[in-house]
> 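Sending over a structure as structure tokens; questions will come in a sec.
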Amino acid sequence: MSKENIVVLGAGSFGTTLANVLCINGYPVKLWSKSQNVANDINQNHRNSKYLGDNSLSRNLRAETDINVAVNNSDYILWAIPTQAIRSVLSEYIDKLNHDHYHINVAKGIESSSKKRVSELFEEFGIDLNHFALLAGPSHAEEVVAKQATAMSSISLNHNLAKKVQEFFVTDFLRIYTNTDLVGSEMAGAFKNVVAIACGICDGFGLGDNAKSALVARSISELSGLVDYFGGSRETLSGLTGVGDLIATCFSKHSRNRHVGEQLGKGKDIQTVLSEMVMVAEGVKTCEAFHKIQAELPIEMPIVEATYQIMYEGQSVSDMIQGLMTRAAKDEF
Ligand SMILES: NC(=O)c1ccc[n+]([C@@H]2O[C@H](COP(=O)([O-])OP(=O)(O)OC[C@H]3O[C@@H](n4cnc5c(N)ncnc54)[C@H](O)[C@@H]3O)[C@@H](O)[C@H]2O)c1
């Protein structure tokens with residue numbers, strides 16, 4: 001039986017990495033790159049030096065800069081572009097997509113302008129959620145491309161689709177579970193990027209393990225309130241897309257969101273930090289989105305609020321810490 005045609009949109013770190021896994025697994029895959037230089041590097045040198053350094057890629061991996069050519073004849077579309085860019089790509093190319101396409105998203109964020117999760121954005125464009133899956137969990141591209149053992153979750157309301165995505169990516173270095181809790185997984189994946197910024201602030205400011213561990217633990221409490229409110233499952237928070245991804249992002253040298261926080265903690269302002277980065281740090285805009293969500297809901301989100309105040313209102317890190325530490329005493333649960 002012939003294998004499904006898969007197109008990957010976004011030849012950054014993770015899109016390239018996942019397209020490479022699909023090639024290893026024998027799928028006909030096309031990788032859409034906005035950049036001609038990146039496409040040339042992949043096609044001629046079998047590398048994506050801009051995003052993945054010296055890691056060598058499958059010789060079968062082909063990059064394409066014309067999205068119409070890339071999407072042509074595809075059955076599955078894997079979205080690996082930043083959350084805030086998905087709307088513009090969907091708007092421009094929705095006419096080229098058909099109702100038979102299946103969509104797999106790996107972006108972890110909330111659209112700031114609409115406060116929507118990525119699946120809600122796809123629904124707005126008329127895409128049936130039975131054709132939508134999320135692939136998430138603790139999966140730094142730098143480790144997956146180097147074939148280091150990684151576990152992820154394939155999440156869809158359509159269990160058959162979740163199983164299909166599992167089949168696409170499972171290898172001896174990538175273990176994929178399935179799950180149906182889209183709301184909880186999307187919320188957790190977006191939220192952990194904000195917590196990673198807060199943890200980075202602790203690192204940059206010179207706080208210790210106690211502070212970071214407390215932040216991570218309290219962030220689960222904050223996230224539980226959100227997940228309950230939006231109808232997700234608390235069980236998800238104890239899994240790969242919950243605590244698994246939170247730990248990876250908050251404690252890793254690879255995390256750009258933690259890096260952003262670290263620079264803020266050292267006293268840089270957010271514009272300077274972002275101007276020094278090549279890759280996306282989803283937590284910055286997603287923090288703004290959660291800040292808006294919090295303003296409309298009866299949910300307390302002190303970690304989001306403190307991180308927002310530092311990034312968007314110029315609050316000092318010492319005031320943030322003081323503010324969090326001197327909140328009214330309360331029961332833990
Ligand atoms: N890198 C990882 O380890 C990793 C792991 C899991 C999930 N993710 C998620 O995957 C998503 C992509 O992350 P990444 O690490 O690959 O980011 P990246 O910054 O490395 O690459 C982003 C890609 O999107 C493209 N892009 C940016 N704006 C665009 C636009 N307006 N239109 C079209 N293309 C555009 C860029 O050219 C680039 O190819 C993010 O949401 C991230 O949170 C990343």
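What you see is a predicted model, and the numbers here were worked out from it, not measured in a lab. Computed over heavy atoms, backbone and side chain alike; hydrogens, waters and symmetry mates excluded. Both counts, for ligands and for their atoms, begin at 1 and track the order of listing. The residues of the chain are indexed from 1 along the displayed sequence.
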> Which part of Lys34 is near ligand 1, with near meaning a heavy atom under 4.0 Å away: side chain, backbone, both or neither?
side chain
> To the nearest 0.1 Å, how far is atom 12 (C) of ligand 1 from its closest protein heavy atom, and which atom is that?
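It is Ala80 O, 3.7 Å.
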> Taking 4.0 angstrom as the limit, do Lys164 and Glu4 come out as a salt bridge?
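Judged by the 4.0 Å cut-off on N to carboxylate O distance, Lys164 and Glu4 do form a salt bridge.
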> In ligand 1, which numbered atoms sit nearer than 4.0 Å to a non-hydrogen atom of Ala141?
1 (N), 2 (C), 3 (O)
> Only counting residues at least two apart or in another chain, list the ones meeting side chain to side chain donor-acceptor pair (under 3.5 Å) with Asn55.
none
> Within less than 4.0 angstrom of ligand 1, does Trp32 place any heavy atom?
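Right, Trp32 reaches ligand 1.
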> Would you call Arg258 and Glu262 a salt bridge, using N to O less than 4.0 angstrom?
yes
> Who's closest to atom 9 (C) of ligand 1 heavy-atom-wise, of Leu135, Asn48, Val106?
Val106
> Quick one: nearest non-hydrogen protein atom to atom 21 (O) of ligand 1, plus distance?
Gly12 CA, 3.2 Å
> For the pair Trp79 and His103, name the ring-plane relationship: parallel under 30°, tilted 30 to 60°, perpendicular over 60°.
tilted
> Does either side chain, that of His159 or that of Thr180, offer a donor lying less than 3.5 Å from an acceptor on the other one?
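Short answer, no.
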> If we only consider heavy atoms of Ser35, is any one of them less than 4.0 Å away from an atom in ligand 1?
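False for this residue.
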> For a quick check under 3.5 Å, do Asn20 and Thr17 share a side-chain donor-acceptor pair by atom type?
no
> Taking only non-hydrogen atoms of Gly109, do any sit less than 4.0 angstrom from ligand 1?
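No, Gly109 has no heavy atom closer than 4.0 Å to ligand 1.
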> Is it true that atom CD of Glu296 has more than 12 heavy atoms of other residues, nucleotides or ligands lying nearer than 6.0 Å?
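Enclosed: over 12 neighbouring heavy atoms sit under 6.0 Å from CD of Glu296.
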> Tell me whether Asp203 is salt-bridged to Lys212, with the criterion being a basic N under 4.0 Å from an acidic carboxylate O.
yes
> For the residue pair Ser58 and His46, confirm or rule out a side-chain donor-acceptor distance under 3.5 Å.
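Per modelled atom types, Ser58 and His46 side chains form no pair under 3.5 Å.
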> Consider every N or O of Thr83 and every N or O of ligand 1, then say whether any pair is closer than 3.5 Å.
no
> Have a look at Pro82, Ser33, Ala85 and point out the one with the heavy atom closest to atom 27 (C) of ligand 1.
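Ranked by closest heavy atom to atom 27 (C) of ligand 1, first place is Pro82.
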> Between Glu123 and Lys116, does any side-chain N to carboxylate O distance fall below 4.0 Å?
no
> Just jot down the ligand 1 atoms closer than 4.0 angstrom to any heavy atom of Val89, in number order.
32 (N), 33 (C)
> Given side-chain contact (heavy atoms from CB on, under 4.5 Å), test Ile176 with Ser153 step by step and report yes or no.
CA-CA 5 Å; Ile176 311 285; Ser153 198; over 6 Å; no
> Would you call Glu276 and Lys268 a salt bridge, using N to O less than 4.0 angstrom?
yes
> Considering only heavy atoms, does Val144 approach ligand 1 within less than 4.0 Å through its side chain, its backbone, both, or neither?
neither
> Out of all atoms in ligand 1, which are within 4.0 Å of some heavy atom of His140? Include the element for each.
3 (O)
> In ligand 1, which numbered atoms sit nearer than 4.0 Å to a non-hydrogen atom of Ile81?
24 (O), 34 (N)
> Of the protein's non-hydrogen atoms, which lies at the shortest distance from atom 5 (C) of ligand 1, and what is that distance?
Ser139 O, 3.3 Å
> Around atom 20 (O) of ligand 1, find the nearest protein heavy atom and jot down its residue, atom name and distance.
Ser13 OG, 2.7 Å
> What's the shortest distance from atom 37 (O) of ligand 1 to any protein heavy atom, and which residue and atom give it?
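Checked against all protein heavy atoms, atom 37 (O) of ligand 1 sits closest to Tyr51 OH, 3.9 Å.
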> What protein heavy atom sits nearest atom 19 (O) of ligand 1, and how far off is it?
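For this ligand atom, the closest protein heavy atom is Val280 N, 3.0 Å.
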> Centre of Phe205's six-membered ring, under 6.0 Å away, within 45 degrees of the axis: is that where NZ or CZ of Lys266 sits?
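No, Lys266 does not lie over the aromatic ring of Phe205.
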> What are the atoms of ligand 1, with element, lying closer than 4.0 Å to any heavy atom of Ala11?
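In order of numbering, the contacting atoms are 39 (O).
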> Return each pair, listed once, that meets salt bridge (Lys or Arg N to Asp or Glu O under 4.0 Å) where at least one residue sits in residues 224-250; pairs must be two or more places apart or across chains.
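Pairs touching residues 224-250 that pass the test: Lys108-Asp245, Lys192-Asp245, Asp228-Arg234.
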> Please report which non-hydrogen protein atom sits nearest to atom 43 (O) of ligand 1, along with the residue it belongs to and the distance in Å to one decimal place.
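Of every protein heavy atom, Glu282 CG, 3.5 Å lies nearest to atom 43 (O) of ligand 1.
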> Is Arg256 near ligand 1, meaning one of its heavy atoms is under 4.0 Å from it?
yes
> Please report which non-hydrogen protein atom sits nearest to atom 16 (O) of ligand 1, along with the residue it belongs to and the distance in Å to one decimal place.
Phe14 N, 2.8 Å
> Near Met279, which atoms of ligand 1 are under 4.0 Å from a heavy atom of that residue?
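Counting atoms of ligand 1 from 1, those under 4.0 Å from Met279 are 19 (O), 20 (O).
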